[in-house]
Amino acid sequence: NNFRRKEASMRKALIFGMIGVFLVFGSHAWAQKTVRLSIATGGTGAVFYPLGGGMAHIISKYLPYAEATAEVTAASVDNCRLVGARKTELALTNIDAAMDAYRGVDVFKEKLPLRIVASIYQNFMHIVSVEGKGIVKLADLKGKRVSLGAPGGATEVWGIRVLEAQGIDHKKDFRKERLGAGESAGALKDGKIDAYFFGGGIPVPSVMDLAATPGIKVKIIPHDEVIAKMTEKYGPVYARGVIPAKTYPGQDEDVAVTIARVLFICHEKMDEKVVYDILKTLFEHRQELMLVRKEAQYLTIDNQKGEFPLPFHPGAVRFLKEKGLEVK
């Protein structure tokens, strides 16, 4: 009887021990993924989507309590609206779209409570044509068939401002299409359009694919001459950049273009600790993120310096202050 009682006691102890282990580790595993994060990116033929996917992977892998996913969207303008409506937690966006959203101007009918998590890299405006279309400068776009980017993206906003500074009316001076990066490249390849605009980090996948097509020689149109007028009207949002020769197959010369910052943004009410942890995680694993898209190399403390048209989130401010940088 004593033996049986001892055996029963041992069984109970083992069972309760296993339950305890399960509760401890089970609850820990559950606690690991209590925060679900969605990152609004862009179309699959551009840079935002793979970069956002890489960011989501890093966050999910190294931030114990968070699970992040990248979402295909129409890019910057829509991304600002999604964050403003709290339909997504995080987003990549061009700085011009973020500025307009924060101020409630242009395509935004009200001010959106957006905050910067980080400045990531610079987007380069590509005005893409092919040899044989007779397009070598901005003025040559008049009378042509031109795609200004998908509705809801920053390319359209940015492109219209480039044209405006050149004195070209996008509503009447050419036949306008509104296609995404991949669709635009396909339409240009098929002869359905003569040129297209797309703002992206270099190299842009759709431009690379187009340039690698046998029998096609890509022409990227220089347009840095419009920067002074754009700055006069919109402030220090756009700058001069150069797409180096050989960035794309058949591109033999440097091309001077307009550039604009890409921001990683969130809602002003996002939890401060979560934003701090996200930024810390991305900085700590930047090298791994660079394996997905080389634009991640520009996620540096120095790239958070300068003037921004909207404030940093308190969680980002805390992280950057720890790194010795005072931001607003």
Side-chain angles (χ1 to χ4, degrees), residues 41-43 45-52 75-77 79-80 91-101 106 116 118-129 137-138 141 148-149 153-166 181 184 195-208 211 218-248 251 253-265 290 293-300 302-310:
T41 62
V47 176
F48 280 10
Y49 181 68
L51 178 62
S76 295
V77 173
N79 290 356
C80 290
L92 291 163
T93 178
N94 247 40
I95 191 171
D96 48 5
M99 176 184 73
D100 290 353
D106 206 342
I116 300 171
S119 174
I120 307 292
Y121 67 97
Q122 299 278 13
N123 260 343
F124 292 68
M125 175 54 82
H126 293 62
I127 304 174
V128 186
S129 188
K137 59 185 184 299
L138 275 175
L141 294 174
L148 269 178
T155 289
E156 185 173 38
V157 173
W158 187 353
I160 287 171
R161 291 174 181 179
V162 167
L163 293 166
E164 173 190 63
Q166 182 65 29
S184 292
Y196 73 93
F197 284 66
F198 185 75
I202 53 177
V204 171
S206 64
V207 181
M208 183 65 79
V218 160
K219 302 282 288 184
I220 301 174
I221 312 306
H223 59 278
D224 58 318
E225 70 274 14
V226 301
I227 293 169
K229 284 189 177 180
M230 293 174 74
T231 301
E232 183 181 339
K233 182 167 184 178
Y234 299 104
V237 176
Y238 306 101
R240 182 182 187 274
V242 173
I243 301 175
K246 308 300 182 184
T247 297
Y248 300 102
Q251 181 206 338
E253 298 178 349
D254 292 348
V255 182
V257 300
T258 53
I259 60 173
R261 290 180 188 255
V262 169
L263 303 179
F264 193 38
I265 61 167
M290 285 168 57
R293 283 297 308 191
K294 69 185 183 72
E295 286 82 5
Q297 68 184 295
Y298 302 109
L299 180 61
T300 63
D302 279 349
N303 204 28
Q304 314 312 309
K305 297 175 181 177
E307 291 185 38
F308 292 88
L310 63 161

Closest approach of [X] and [Y], non-hydrogen atoms and distance?
X	Y	answer
T155	F197	CG2-O, 3.3 Å
P205	V47	CD-CG2, 4.2 Å
A165	M230	CB-CG, 3.8 Å
G199	N123	O-ND2, 3.7 Å
I227	V257	CD1-O, 4.2 Å
I202	P244	CD1-CD, 3.8 Å

Subject >> Derivation and outcome, side chain to side chain contact (heavy atoms under 4.5 Å, CB included), residues R161 and D106 >> reply: CA-CA 11 Å; R161 291 174 181 179; D106 206 342; 3.2 Å; yes

Distance-only, no hydrogens or angles: does the [X] side chain make a donor-acceptor pair with backbone N or O of [Y] under 3.5 Å?
X	Y	answer
D254	A245	yes
D224	G241	no
N303	Y298	yes

**OP:** Using the side chain to side chain contact (heavy atoms under 4.5 Å, CB included) rule, take L263 and L310 through it: C-alpha gap first, then chi angles, then the decisive distance, then the call.
**Re:** CA-CA 11 Å; L263 303 179; L310 63 161; 3.9 Å; yes

Rounded to the nearest 0.5 Å, what's the gap from [atom1] on [X] to [atom2] on [Y]? Could you check?
X	Y	atom1	atom2	result
Q251	K246	CD	NZ	8.5 Å
T258	R240	OG1	CZ	11.0 Å
R261	Q304	CZ	CD	7.5 Å
Y49	T41	OH	OG1	6.5 Å
C80	I265	SG	CD1	4.0 Å

**OP:** Take R293 and Y121 through the test side chain to side chain contact (heavy atoms under 4.5 Å, CB included) and record every step on the way to the result.
**Re:** CA-CA 11 Å; R293 283 297 308 191; Y121 67 97; over 6 Å; no

Counting only heavy atoms not in [X] (residues, nucleotides, ligands), do more than 12 fall under 6.0 Å from its [atom1]?
X	atom1	answer
Y238	OH	yes
E253	CD	no
K294	NZ	yes

Original post:
Only one of D100, N94, T231, I95 clears side-chain contact (heavy atoms from CB on, under 4.5 Å) with V237; which?
Top reply: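 Among D100, N94, T231, I95, the one meeting side-chain contact (heavy atoms from CB on, under 4.5 Å) with V237 is I95.
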
**OP:** Scan V255, L163, L138, I220 and name whichever one has a side-chain contact (heavy atoms from CB on, under 4.5 Å) with I127.
**Re:** L138

**OP:** Start with the C-alpha distance between L92 and F264, add both sets of side-chain angles, then the distance that settles side chain to side chain contact (heavy atoms under 4.5 Å, CB included), and finish with yes or no.
**Re:** CA-CA 5 Å; L92 291 163; F264 193 38; 3.9 Å; yes

Below 4.5 Å, heavy atoms only, C-beta onward: do [X] and [Y] meet side chain to side chain?
X	Y	result
S184	F198	no
Q166	K229	no
D96	Y234	no
H223	M125	yes

Original post:
Per the ring-ring contact (aromatic ring centres under 6.0 Å, His included) rule, which among W158, Y248, Y196 passes with H126?
Top reply: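 Of W158, Y248, Y196, ring-ring contact (aromatic ring centres under 6.0 Å, His included) with H126 is met by Y248 alone.
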
